[in-house]
Each structure stands twice: as C-alpha cells, then as structure tokens.
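These notes concern the structure reproduced below.
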Amino acid sequence: LRTDSTGAKQSKFAFKEDGEYFWIAIIDNGKGNVTNFRTKLSDNNAESFSTENLNIPPSTFLDLQHQLISVKTFDGKEKAMDYYSFMLSKPAVFADLVQGSYKTFVISAENYTIFYKDKNIADYEEFFTENYQ
C-alpha cells in the first residue's frame, strides 16, 4: 500500500460492485490434500450452486509457499460475497486442509490480475478486510 500526499493509504486495488468476481483460496503448500479440497468444492458447487455455472480451474502455484484455487465466475460483488459467506459455513469442505493454513477471499477480475502479478497476500488481505467485511 502506498500513501498519498495527505498520508492516506492508497491501494493498488480498486473497489467496485459490478463485473466479474472470483472466490479464491490461498493454501500453504504441503498443508493438506488440495485434490480432495477441490473435489469437495466442486461437489458443493454442484449441490448448492448448480444454476450459477461455476468453474474451478486447475490450481496454480502463486509462489513457492502457496497454491491458489479459484472459483469463477460470479456476477458482481454481492453474489461473490454470498458464496464467500456460504463457504464459511461449510467447514467440512476445508477438512482436508490443515487449519490455519489457508485464506479465502473474493476478488474482482481486475484486482485478480494485479494480485496475481505482485503476489502480495497481506496487501490484498488488508484491502479485502477494509472493503468487504
């Protein structure tokens, strides 16, 4: 995060309500069975979000310490946050991951591009907390 001439924080991320949103999980490498986690995510999506046409692309390595799993695509912030809240109520989906070894967020497509390029989890976590919670 940068500060402007008044000392106010300026984020590299931009908040908006509309457009494409993703739900992402950032998982510490070696902290659970990511394949089982993806399967449970997919099963949950089929059961509870079948009309949303959600897609779980293959997981990618964000950096040497973290994998990134995304669920795409939500139409706007509100639908993405509904999914985020729903997933918080489903601890069984995360049972194959070591507790405390993952974080979940929603992110706009534009912010995802910035996040994926700079890979600064703490910066995005701060932006998410300030704007979405």
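We're numbering straight along the sequence, starting at 1.
The 12-atom threshold is exceeded at NZ of K72, counting heavy atoms of other residues, nucleotides or ligands nearer than 6.0 Å. In this structure, Q99 places its CD atom where only 12 or fewer heavy-atom neighbours from other residues, nucleotides or ligands lie under 6.0 Å away. With a 6.0 Å radius and a threshold of 12 heavy atoms from other residues, nucleotides or ligands, E110 has its CD atom above the threshold.
For the pair W23 and I107, the minimum side-chain heavy-atom distance is 4.5 Å or more. Contact check for I114 versus K117: no side-chain heavy atoms found under the 4.5 Å cut-off. Using a 4.5 Å heavy-atom cutoff, the side chains of Q65 and D28 are not in contact. Contact of the Y112 side chain with the L68 side chain is registered, since non-hydrogen atoms from C-beta on lie closer than 4.5 Å. Proximity of N44 to K90: side-chain heavy atoms (C-beta onward) are separated by under 4.5 Å at one or more points. For the pair K12 and D123, the minimum side-chain heavy-atom distance is below 4.5 Å. With a 4.5 Å cut-off on side-chain heavy atoms, R38 and I69 count as touching. Residues N55 and V71 have side chains not in contact (no heavy-atom distance under 4.5 Å, counting atoms from C-beta outward).
Using a 4.5 Å cut-off between side-chain heavy atoms of Ile, Leu, Val, Met, Phe, Trp and Tyr, with links allowed through other members, V93 and V98 fall into different hydrophobic clusters.
Interatomic distance, NZ of K31 versus CD of Q67, reported as 13.0 Å (0.5 Å rounding). Atom OG of S11 sits about 8.0 Å away from atom CD of E126, to the nearest 0.5 Å. Atom CG in N36 sits 4.0 Å away from atom CG in D96 (nearest 0.5 Å). Considering CG of N33 and OG1 of T39, their distance stands at 8.0 Å, rounded to 0.5 Å. Rounding to the nearest 0.5 Å places CD of E47 at 11.5 Å from OG of S42. The CD1 atom of I121 lies 8.5 Å from the CD atom of E125; values are rounded to the nearest 0.5 Å.
Here the closest non-hydrogen pair linking S70 and P57 is O-CD, 3.3 Å. When all heavy atoms of A95 and K40 are compared, the pair lying nearest together is CB-NZ, 3.9 Å. A14 and N111 get closest at one heavy-atom pair: O-ND2, 2.8 Å.
The distance between the ring centers of Y21 and Y83 does not fall below 6.0 angstrom. Not less than 6.0 angstrom separates the ring centroid of F74 from the ring centroid of F22. You'll find the ring centres of F128 and Y84 inside the 6.0 Å limit.
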**Q.** Test log, rule ring-ring contact (aromatic ring centres under 6.0 Å, His included), inputs Y102 and F37
**A.** CA-CA 11 Å; Y102 58 88; F37 172 64; 7.0 Å; no

Q) Passes side chain to side chain donor-acceptor pair (under 3.5 Å), E20 versus T73? Steps please. A) CA-CA 6 Å; E20 288 189 349; T73 303; 4.7 Å; no

Q: List the steps, then state whether side-chain contact (heavy atoms from CB on, under 4.5 Å) holds for F15 with K77.
A: CA-CA 9 Å; F15 177 79; K77 176 194 91 124; 3.6 Å; yes

(Q) Show, in sequence, the C-alpha distance, side-chain angles and deciding distance for F13 and N131, and conclude whether the side-chain contact (heavy atoms from CB on, under 4.5 Å) test is met. (A) CA-CA 10 Å; F13 303 110; N131 291 280; over 6 Å; no

**Q.** Full working for side-chain contact (heavy atoms from CB on, under 4.5 Å) between I26 and T104
**A.** CA-CA 6 Å; I26 299 164; T104 63; over 6 Å; no

**Q.** side-chain contact (heavy atoms from CB on, under 4.5 Å) evaluation trace for E52 with K79
**A.** CA-CA 10 Å; E52 296 295 323; K79 283 190 175 180; 4.0 Å; yes

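Taking the ring axis of F115 as reference, the NZ or CZ atom of K119 does not stay both within 45° of it and closer than 6.0 Å to the ring centre.
Below 30°, between 30° and 60°, or above 60°: for F105 and Y124 the angle between ring planes is above 60°, a perpendicular geometry.
In terms of modelled atom types and a separation under 3.5 Å, the side chain of T113 and the main chain of A109 share a donor-acceptor contact. Side-chain atoms of S89 come within 3.5 Å of backbone N or O of F86 as a donor-acceptor pair.
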